[in-house]
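Below: one structure, written as structure tokens.
Keep in mind that this is a model prediction, so the values were computed, not measured. Lettering of chains follows the sequences in order, A, B, ..., and the numbering in each one begins at 1. All heavy atoms count here, side chains included; hydrogens, waters and symmetry mates do not.
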Number of protein chains: 2
Amino acid sequence: MADDKFQKECKKNIMAVHDAMDVLNGKWKISIVASLCYYHKRRFSEILKDLNGISNKMLSKELKDLEINKLIRRTVLDTHPITVQYELTEYGQKLQSVIRDLTDWGAEHRKEIIGK
Amino acid sequence: MADDKFQKECKKNIMAVHDAMDVLNGKWKISIVASLCYYHKRRFSEILKDLNGISNKMLSKELKDLEINKLIRRTVLDTHPITVQYELTEYGQKLQSVIRDLTDWGAEHRKEIIGK
DNA sequence: CTGTATCCGAGATGATACTG
DNA sequence: CAGTATCATCTCGGATACAG
């Protein structure tokens with residue numbers, strides 16, 4: 001029946017969200033994606049400053065995770081000393097609408113919190 | 001200069017995202033919101049089934065967190081035995097576009113993964 | 001500058017049993 | 001049915017020092 005179809009649809013959608021969050025878990029990943037989403041190209045030390053409170057160890061680990069999942073691309077630049085540039089892959093860029101929505105919501109949320 | 005303004009804008013956006021994720025942290029919160037987003041009204045035991053692998057303890061805790069942050073509303077129904085209904089608040093409903101984007105992305109992501 | 005290595009504690013999460 | 005209580009585990013994540 002139609003109810004059954006609705007159930008399956010919901011279940012599938014919820015699983016999709018869960019799959020997405022599997023890749024984006026952790027305290028910092030989404031913020032990192034956000035940084036690359038807005039700056040487009042960004043260096044290790046720059047991202048370190050973008051995210052208030054993250055340690056270099058965590059940033060290193062999270063970047064590695066994101067790279068493994070093909071969300072970001074890592075490029076070593078031929079400078080002295082070496083610098084490394086990160087950017088979203090075409091695939092990672094598909095998260096832009098998510099980031100923008102979250103930005104809007106987060107900004108509103110901040111107002112709510114401060115308002116109290 | 002304009003560059004300065006751009007910087008501030010980026011920083012602000014990244015902070016907004018981080019604020020949003022502060023409320024939505026944890027392995028399950030976004031999936032719970034997704035469940036309520038698609039089902040609109042949902043009972044404790046139903047959500048338990050929606051999210052594959054969550055324990056009742058975690059669900060209880062996450063629901064409490066979400067309620068404290070005014071994202072969901074908890075209603076005790078006068079049935080025998082008692083049943084409890086959860087739903088998004090008007091405020092929580094503002095996350096719908098985030099959820100929908102994540103659903104789309106997650107579905108695509110799943111295809112990518114399975115494709116390998 | 002961009003990481004890695006190590007140590008450590010706190011909190012997140014899970015399994016199971018239990019209560020109103 | 002909707003949780004709580006308890007215990008065990010495991011991962012996250014910070015601090016610090018070090019390396020190429």
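In this structure, A:Leu24 CG and A:Asn69 CG are separated by 8.5 Å, a value rounded to the nearest 0.5 Å. Here the CD atom belonging to B:Gln96 is positioned 5.5 Å from the CD atom belonging to B:Gln93, to the nearest 0.5 angstrom. Note that CD1 of A:Ile68 is 8.0 Å distant from NZ of A:Lys64, once rounded to the nearest 0.5 Å.
Listed by first then second residue, pairs satisfying ring-ring contact (aromatic ring centres under 6.0 Å, His included) with a partner in residues 48-82 of chain B number zero, not counting sequence neighbours. Evaluation of the salt bridge (Lys or Arg N to Asp or Glu O under 4.0 Å) test over residues 94-109 of chain A, restricted to residues two or more places apart or in two chains, returns A:Lys94-B:Glu108, A:Glu108-B:Lys94. Evaluation of the side-chain hydrogen bond (donor to acceptor under 3.5 Å, both in side chains) test over residues 9-23 of chain A, restricted to residues two or more places apart or in two chains, returns A:Asp19-B:Arg110.
Every residue two or more places apart in sequence or in another chain was checked for a side chain to side chain donor-acceptor pair (under 3.5 Å) with B:Asn56, and none qualifies. The side chain to side chain donor-acceptor pair (under 3.5 Å) check on A:Thr79 picks up A:Thr83, with sequence neighbours excluded. Residues satisfying the side chain to side chain donor-acceptor pair (under 3.5 Å) criterion with A:Asn25, sequence neighbours excluded, are A:Lys29. In this structure, the ring pair (Phe, Tyr, Trp, His ring centres under 6.0 Å) partners of A:His109, at least two apart in sequence or on a different chain, are A:Trp105, B:Tyr91. Remark: A:Glu87 pairs with no residue by the side chain to side chain donor-acceptor pair (under 3.5 Å) rule, at least two apart or across chains.
Between A:His18 atom NE2 and C:dT13 atom C1' there is a gap of 12 Å when expressed in whole angstrom units. To the nearest angstrom, P of D:dA2 lies 9 Å from CG of B:Leu77. The nearest whole Å value for the distance from the NZ atom in B:Lys29 to the C1' atom in C:dT13 is 12 Å. Put simply, CG on B:Leu59 is 11 Å from P on D:dT4, counting in whole angstrom units. Atoms CG (A:Asp78) and C1' (D:dG20) sit 15 Å apart, rounded to a whole Å. One interatomic measurement links the two molecules: CG of B:Asp22 to C1' of D:dC12, which rounds to 15 Å at whole-angstrom precision. The interatomic distance linking A:Gln85 (CD) with C:dG3 (C1') rounds to 17 Å, in whole Å.
Note on A:Tyr86: every side-chain N or O is 4.0 Å or more away from OP1 and OP2 of C:dC1. The phosphate of D:dA2 has neither OP1 nor OP2 within less than 4.0 Å of any side-chain N or O from B:Arg74.
With respect to B:Cys37, the side-chain contact (heavy atoms from CB on, under 4.5 Å) criterion is satisfied by exactly one of B:Val98, B:Ile32, B:Leu88, B:Thr103: B:Leu88.
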Exercise. Assess whether salt bridge (Lys or Arg N to Asp or Glu O under 4.0 Å) is satisfied between B:Lys8 and B:Asp4, documenting all intermediate values.
Key: CA-CA 6 Å; B:Lys8 276 197 183 171; B:Asp4 222 48; 5.4 Å; no
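Using a 4.0 Å cutoff on non-hydrogen atoms, the parts of residues 60-69 of chain B near DNA chain D are B:Ser60, B:Lys64, ordered by number. Within residues 34-51 of chain B, no residue places a heavy atom under 4.0 Å from DNA chain C.
Ionic pairing of B:Glu90 and B:Arg73 is present here: one or more N-O contacts between side-chain nitrogen and carboxylate oxygen are shorter than 4.0 angstrom.
Using five terminal pairs a side, the axes of the helix from C:dC1-D:dG20 to C:dG20-D:dC1 at its two ends make an angle of 50°, given in steps of 10 degrees.
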Practice problem: Sugar-phosphate means primed atoms, P, OP1 and OP2; the rest is base. With that split, encode nucleotides 14-20 of chain C 5' to 3' as B, S or - using protein heavy atoms under 4.0 Å. | Solution: BBBB---
